[in-house]
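Just so we're clear, the structure is a prediction, and the values are computed from it rather than from any experiment. First the proteins, then the strands, lettered A, B, ... as listed; each starts at 1.
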Number of protein chains: 4
Amino acid sequence: MPLIRPVTRDDFPQWLPLWQGYNKFYGRSGETALPSEITQSTWGRFFDAYEPVHALVAEENGQVIGIVHYLFHRNTISIAPTCYLQDLFTAESARGKGVGRKLIEAVYEQARRAGCPRVYWHTHHTNATAMLLYDKVAQHSGFVVYRKDL
Amino acid sequence: MPLIRPVTRDDFPQWLPLWQGYNKFYGRSGETALPSEITQSTWGRFFDAYEPVHALVAEENGQVIGIVHYLFHRNTISIAPTCYLQDLFTAESARGKGVGRKLIEAVYEQARRAGCPRVYWHTHHTNATAMLLYDKVAQHSGFVVYRKDL
Amino acid sequence: MPLIRPVTRDDFPQWLPLWQGYNKFYGRSGETALPSEITQSTWGRFFDAYEPVHALVAEENGQVIGIVHYLFHRNTISIAPTCYLQDLFTAESARGKGVGRKLIEAVYEQARRAGCPRVYWHTHHTNATAMLLYDKVAQHSGFVVYRKDL
Amino acid sequence: MPLIRPVTRDDFPQWLPLWQGYNKFYGRSGETALPSEITQSTWGRFFDAYEPVHALVAEENGQVIGIVHYLFHRNTISIAPTCYLQDLFTAESARGKGVGRKLIEAVYEQARRAGCPRVYWHTHHTNATAMLLYDKVAQHSGFVVYRKDL
């Protein structure tokens, strides 16, 4: 089973293709690829003690095979912050082996230690494969996401 | 039409019943009411320059008839933060007059000034009345919310 | 008298030489100049609603003749944050006219509105000219600064 | 030698008298004592994953004999945050044994891991005993602190 651990600066070459794979899945590739400035900024925030933005990686045999990013933010209905699990991605060759589940559970553990009462995330309602897992480890809240791009 | 403005400390007596009305709508009343410590903490954060947690109110004839709370938080796919519109509530007597819409649009304006590329919020998929408005001013993203209470 | 107002993105060409002048005063010029990445990062934070980092400028006849940067941060002996006035600089041609004082007082006003009980800053003990002003508008606390570069 | 470790919620009864001893040293006792609301707020922030406010304790034979509080905040002349070591206190019975030094060095280690280029603190210029230690582990910067209470 893979080891789940906080990302380190040395992971960059292995983290990058997974981050790009994740972005491609959501249509951010080619002409619509995420600008590299954003990737640099996000990467830097994982190592900025002022920022509540964190990353864990799943490592097996020296290979990073999965990534998860989460951040803490304020919530008006609690004193403690809430934990937003924003990005989860597993290398194609490592799918179906419980890596995603282990990454999610590791975020739960970090949030628990941080005194955080809740972890949440968004997924597209058509993402049936992912929801098979999500329904096992979390609750489909019945809430939907509205957005306005400015 | 109501005036939309930032909340001030003097608004507390008028803000509180709207906040309680909002919480009641989501089942947080009576035995499951939000502890007053949380209300005090959230209220204090609106006036804490370190906290990216904000509130606007709609005022008409000296009465606060609507409230909206929003906060900025990090986002891994942008350099600028994202804006989460967490709470929106209008006094019952002031419904159907466009107050909610004005409050949402005022959040857009604040987010725009703040260089924020997106505002989002969550609503329960059964909240049909609210969605009539939301569908006019924003995009139903197709994303659903998963949660894990720790 | 100059107008004191929040910085805007359009001010960059006028803000930059003052920022560079300020850095030069503290020995950060030529080979020891501040890397431009830091200047870009700091400038961006003034417009990042998640960051409690702010700038005001003094403008006269369309010219920016002074700048002040301040930030809010936590303090263990208060619930409200403290306000750190980090940088203050006036164009050489505009010295001795009270611009620095107006900038400091404008920070006081911002801090007051933000519910912040204290503004503080650091100055080198040999900076006699500046201290003539500081002794008029604030209190020489008797505290000294220790530092460890890691 | 004592063990230096992050504070835990269970440490409260042992942390509190040291925190009060520290405040008393700075004249905050009796009628000028820190309100308990502030102590509760600061204590809570140590365990709030959104807050960059941290505490370490020195423990020996199950007793907490020293405390140090530090926080990360923005700095206009660096991309990474700076580390402010705000409070340091050792039980009277444990003085002169290097506990303060170990606590300071533990903060250096935390700041280093966090990618933070500098740790700083304030001390009163009459605090000769403390400065004997500070002069060994850090640099007397020559900067003095100005303050304005609003």
Side-chain angles (χ1 to χ4, degrees), chain B residues 4-12 15 36-57 68-87 104-121, chain C residues 4-12 15 36-57 68-87 104-121:
Chain B
I4 311 294
R5 58 167 179 78
V7 77
T8 68
R9 286 193 179 274
D10 292 343
D11 292 321
F12 187 75
W15 169 85
S36 67
E37 291 77 12
I38 295 179
T39 290
Q40 291 301 326
S41 166
T42 292
W43 177 256
R45 283 169 180 161
F46 297 147
F47 307 98
D48 181 337
Y50 176 80
E51 295 279 356
V53 183
H54 306 280
L56 302 174
V57 298
V68 67
H69 305 156
Y70 61 101
L71 56 92
F72 296 101
H73 70 73
R74 285 295 181 219
N75 189 324
T76 58
I77 60 164
S78 64
I79 293 175
T82 200
C83 178
Y84 174 33
L85 187 164
Q86 187 167 0
D87 314 307
I104 291 171
E105 287 172 349
V107 173
Y108 292 171
E109 183 54 26
Q110 295 297 318
R112 239 180 239 116
R113 283 189 207 173
C116 195
R118 177 177 284 175
V119 177
Y120 80 96
W121 62 90
Chain C
I4 312 294
R5 59 167 178 79
V7 77
T8 68
R9 287 193 178 274
D10 292 343
D11 293 320
F12 187 76
W15 168 85
S36 67
E37 290 79 10
I38 295 179
T39 290
Q40 291 303 325
S41 165
T42 293
W43 177 255
R45 283 170 180 160
F46 298 147
F47 308 99
D48 181 337
Y50 176 81
E51 295 279 356
V53 184
H54 306 280
L56 302 175
V57 299
V68 66
H69 305 156
Y70 61 100
L71 56 92
F72 296 101
H73 71 72
R74 284 296 180 217
N75 189 323
T76 57
I77 61 163
S78 63
I79 293 174
T82 200
C83 178
Y84 174 33
L85 186 164
Q86 186 166 3
D87 314 306
I104 291 171
E105 288 173 347
V107 173
Y108 292 172
E109 182 54 27
Q110 295 297 317
R112 237 180 242 117
R113 282 190 207 172
C116 194
R118 178 177 282 175
V119 176
Y120 79 97
W121 62 91

Only pairs under 3.5 Å, no angle test: what donor-acceptor pairs are there between chain C and chain B?
from	atom 1	to	atom 2	distance (Å)
C:Asp48	OD2	B:Arg74	NH1	3.0
C:Asp48	OD2	B:Arg74	NH2	3.2
C:Glu51	OE2	B:Arg74	NH2	2.9
C:Arg74	NH1	B:Asp48	OD2	3.0
C:Arg74	NH2	B:Asp48	OD2	3.2
C:Arg74	NH2	B:Glu51	OE2	2.9

Residue part contacting chain C, namely of B:Leu71, when any heavy atom lies under 4.5 Å: neither

Taking every non-hydrogen atom, the tightest pair across B:Pro81 and C:Ala49: CG-N, 4.1 Å

